[in-house]
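Encoded as structure tokens, the structure appears first; notes follow it.
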Amino acid sequence: MSDTASPSVQPDLAGAEPAPPARFDTLPLDPKLLRAVADSGYLTMTPIQAKAIPIVLQGRDVMGAAQTGTGKTAAFSIPLLQRMLKHENPSVSPARHPVRALVLAPTRELADQVAENVKKYAKHTNLRSVVVFGGVDMKPQTAALKAGVEVLIATPGRLLDHIEAKNCVLNQVEYVVLDEADRMLDIGFLPDLQRILSFLPKARQTLLFSATFSPEIKRLAQSYLQDPILVETARPNQTASTVEQRFISATDDDKRAIIKQILKERSIRQAIVFGNSKLGVARLARAFERDGLRTAALHGDKSQDERLKSLEAFKRGEMDVLVATDVAARGLDIADLPAVFNFDVPFNAEDYVHRIGRTGRAGASGLAVTLVTKSDARLIADIEKLIKREIVLDTFELENERPRFERRSREDAPDRQERQERYERPDRPLRATSPALRTPAPSADPFFNKPYEASSRDEPPAWEKAKAATPVKGLSSYIKPKKQVAALFGAKKPAAPAES
DNA sequence: AAAAAAC
């Protein structure tokens with residue numbers, strides 16, 4: 001109820017009481033940390049920080065769920081640094097300091113980003129931190145580890161390498177953080193994670209943070225925590241209300257043109273386009289590049305050097321579009337990203353929440369467009385269940401129906417030149433420097449069917465209503481068909497309620 | 001139907 005009043009103004013740091021947000025300087029923090037926080041320009045805490053920091057300071061285990069972009073990294077790193085400072089033993093030679101805090105993250109880029117934050121908050125202290133991840137030379141990491149660090153940030157594989165090479169000793173770790181904890185605990189990561197945890201003392205403080213926690217993961221997580229406190233802000237798995245979410249029914253052939261048209265008509269400066277596969281992402285990136293968009297690609301088949309370069313170029317604004325797999329779905333903090341497109345609907349509903357969390361960060365507004373084909377119905381239903389919001393598919397009018405090739409024999413296939421002309425001319429150019437993109441967006445929204453209702457999040461979930469009303473299995477109970485969409489999805493008339 | 005994380 002509390003946030004229906006000003007949905008467009010108040011970022012969805014929901015759970016926030018109307019009370020003024022607490023300031024960092026009201027916390028019992030070392031002046032060195034307070035100074036670093038102030039240097040970063042932060043004055044007041046976000047809800048997850050206000051709730052989690054005091055509990056972490058008490059030494060309790062925490063499972064923290066909060067929307068993306070609400071400062072989870074600071075929520076664990078600041079109080080952990082405080083605890084490490086408080087128990088610092090200055091008589092020990094720095095070189096002999098063992099690793100005291102370990103932070104694990106599921107992707108290299110995320111580990112790097114967390115490490116940057118930790119460095120920022122620790123800069124006035126003598127606590128040293130280092131980040132280790134794969135795909136880059138081990139030697140500098142080894143040297144840093146041997147010199148001694150108090151805070152180690154890592155991805156699992158490379159950390160195990162260092163453990164086996166005896167480059168680091170983890171038997172005195174006092175604090176462990178699993179960032180994007182639900183991913184770290186999923187089946188692909190679990191064996192490595194268990195192995196790593198087996199090297200750590202049992203008596204320690206453990207913190208798990210993520211935007212999404214499935215019930216199964218919550219249960220599994222219990223076994224790694226001692227008497228944990230669950231810290232939640234708003235509903236878990238929620239998406240920020242500052243993000244306008246659109247779902248557009250599309251065919252595979254039209255997806256790219258739809259994205260380009262939205263970019264142009266909404267004058268969108270920059271966007272991430274998510275695809276489900278590495279190959280698909282690489283192809284799509286090449287296609288956007290041919291279209292004249294400055295495009296970077298980010299996926300696991302690229303070298304780490306290329307990955308870092310792509311991301312940096314995008315962050316510097318030198319790229320219009322970043323096409324990425326789910327390697328970029330979680331945690332990455334790209335300031336003021338205006339839009340996210342799901343070229344493919346993600347396989348896991350949780351990943352939807354994480355993907356669109358790249359936009360609308362820190363209370364900014366954002367647009368998230370998901371392109372939905374006929375075969376995506378099941379996935380859309382999953383998303384609807386997870387985010388507990390009704391999903392309505394919009395139709396989209398392409399301004400220039402793109403010329404299509406008829407199937408031809410190989411001999412009379414168009415040569416490259418002709419192909420270029422027929423394929424590309426209609427909607428070129430689209431680069432950010434083109435006048436088309438500078439034009440202000442039209443006041444009426446010509447290509448979406450209905451205005452976004454931020455307050456719909458407060459209504460009872462549509463899927464529950466639908467489930468109660470119609471025992472229809474599959475899509476029609478989850479996706480409310482509009483007329484064209486109904487045809488596309490072959491939706492039937494809802495059956496009369498059969499049960500009594 | 002995939003991706004990520006080590007060499």
Side-chain angles (χ1 to χ4, degrees), chain A residues 102-115 131-142 145 152-168 170 178-197 199 210-212 217 252 255 272-285 297-308 310-311 322-332 342-355 358 370-383:
Chain A
L102 176 64
V103 183
L104 294 172
T107 69
R108 298 163 181 175
E109 284 78 7
L110 188 53
D112 205 24
Q113 179 184 295
V114 170
V131 59
V132 304
F133 51 76
V136 295
D137 193 358
M138 258 181 104
K139 286 191 213 90
Q141 298 176 359
T142 304
L145 289 172
L152 177 54
I153 301 105
T155 51
R158 180 55 67 90
L159 177 59
L160 283 168
D161 266 4
H162 282 296
I163 293 172
E164 262 153 42
K166 303 218 186 303
N167 294 335
C168 57
L170 300 179
L178 304 188
D179 199 10
E180 302 300 335
D182 61 336
R183 170 61 86 244
M184 300 303 294
L185 290 167
D186 94 5
I187 195 72
F189 274 108
L190 200 53
D192 279 359
L193 181 68
Q194 283 172 327
R195 190 97 198 290
I196 291 166
L197 294 179
F199 292 102
S210 185
T212 55
I217 293 293
D252 287 320
K255 283 179 172 180
I272 298 184
V273 179
F274 282 103
N276 282 355
S277 74
K278 291 182 278 197
L279 187 60
V281 160
R283 282 188 184 139
L284 183 58
L298 186 59
H299 57 77
D301 276 351
K302 301 202 118 198
S303 72
Q304 194 53 35
D305 188 47
E306 291 172 311
R307 281 167 61 163
L308 287 172
S310 285
L311 189 57
L322 178 68
V323 189
T325 60
D326 280 324
V327 69
R330 285 167 178 262
L332 287 193
N342 289 313
F343 189 87
D344 299 318
V345 182
F347 290 123
N348 299 320
E350 277 86 5
D351 287 329
Y352 172 80
V353 174
H354 288 278
R355 284 181 180 186
R358 296 317 98 217
T370 301
L371 301 175
V372 183
T373 65
K374 198 172 171 173
S375 55
D376 296 325
R378 185 70 250 166
L379 301 174
I380 293 297
D382 290 344
I383 292 170

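The structure displayed is predicted, hence computed values, not measured ones. Letters A, B, ... are given to chains in the order of the sequence lines, protein chains preceding strands, and every chain is numbered from 1.
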Quiz prompt | Nearest non-hydrogen partners of A:D351 and A:P346, listed with the distance | solution = CB-CB, 4.0 Å
Quiz prompt | A:D161 side, atom CG; A:F133 side, atom CZ - distance, nearest 0.5 Å | solution = 14.0 Å
Practice problem: Just call it for A:G134: base, sugar-phosphate, or nothing, with non-hydrogen atoms closer than 4.0 Å on any strand. | Solution: sugar-phosphate
Practice problem: Rounded to the nearest angstrom, tell me the gap between atom CZ in A:R195 and atom C1' in B:dA6. | Solution: 11 Å
Exercise. Answer yes or no: does a side-chain N or O of A:R108 lie under 4.0 Å from OP1 or OP2 of B:dA5?
Key: yes
Quiz item: Taking atom NE2 of A:H354 and atom CG of A:N348, what is their separation to the nearest 0.5 Å?
Solution: 9.5 Å
Quiz item: Mind checking what makes side chain to side chain donor-acceptor pair (under 3.5 Å) contact with A:T142, not counting sequence neighbours?
Solution: A:N167
Quiz prompt | Nucleotide B:dA1, atom P - distance to CG of A:N342 in whole Å | solution = 21 Å
Exercise. Would you indicate what A:D161 reaches in the nucleic acid, counting non-hydrogen atoms under 4.0 angstrom: base, sugar-phosphate, or nothing?
Key: base
Self-check item: d(NE2, A:H354; P, B:dA4) in whole Å
Solution: 16 Å
Quiz item: Taking atom P of B:dA3 as reference, at what distance in whole Å does atom CG of A:L190 sit?
Solution: 21 Å
Practice problem: Indicate whether OP1 or OP2 belonging to B:dA4 is found under 4.0 Å from a side-chain N or O atom of A:T325. | Solution: yes
Quiz item: Heavy atoms, side chains only, cut-off 4.5 Å: are A:L145 and A:L152 in contact?
Solution: yes
Exercise. Take the protein atom CD of A:Q194 and the nucleotide atom P of B:dA5, then report the distance between them rounded to whole Å.
Key: 20 Å
Quiz item: Under 4.0 angstrom, heavy atoms only, what part of the nucleic acid is A:R307 near: base, sugar-phosphate, or nothing?
Solution: sugar-phosphate
Practice problem: Report which part of the nucleic acid A:G280 touches: base, sugar-phosphate, or nothing (heavy-atom distance under 4.0 Å, all strands). | Solution: nothing
Exercise. Kindly point out which of B:dA1, B:dA6, B:dA5 is positioned nearest to the side chain of A:F133?
Key: B:dA6
Quiz item: Under 4.0 Å: is that the gap between some side-chain N or O of A:S277 and OP1 or OP2 of B:dA1?
Solution: no
Quiz item: Can you tell me how far C1' of B:dA4 sits from CZ of A:R355, to the nearest Å?
Solution: 13 Å
Quiz item: Rounded to the nearest Å, what distance is computed from the CD atom of residue A:Q304 to the C1' atom of nucleotide B:dA5?
Solution: 11 Å
Quiz item: Rounded to the Å, how far apart are A:N348 CG and B:dA3 C1'?
Solution: 10 Å
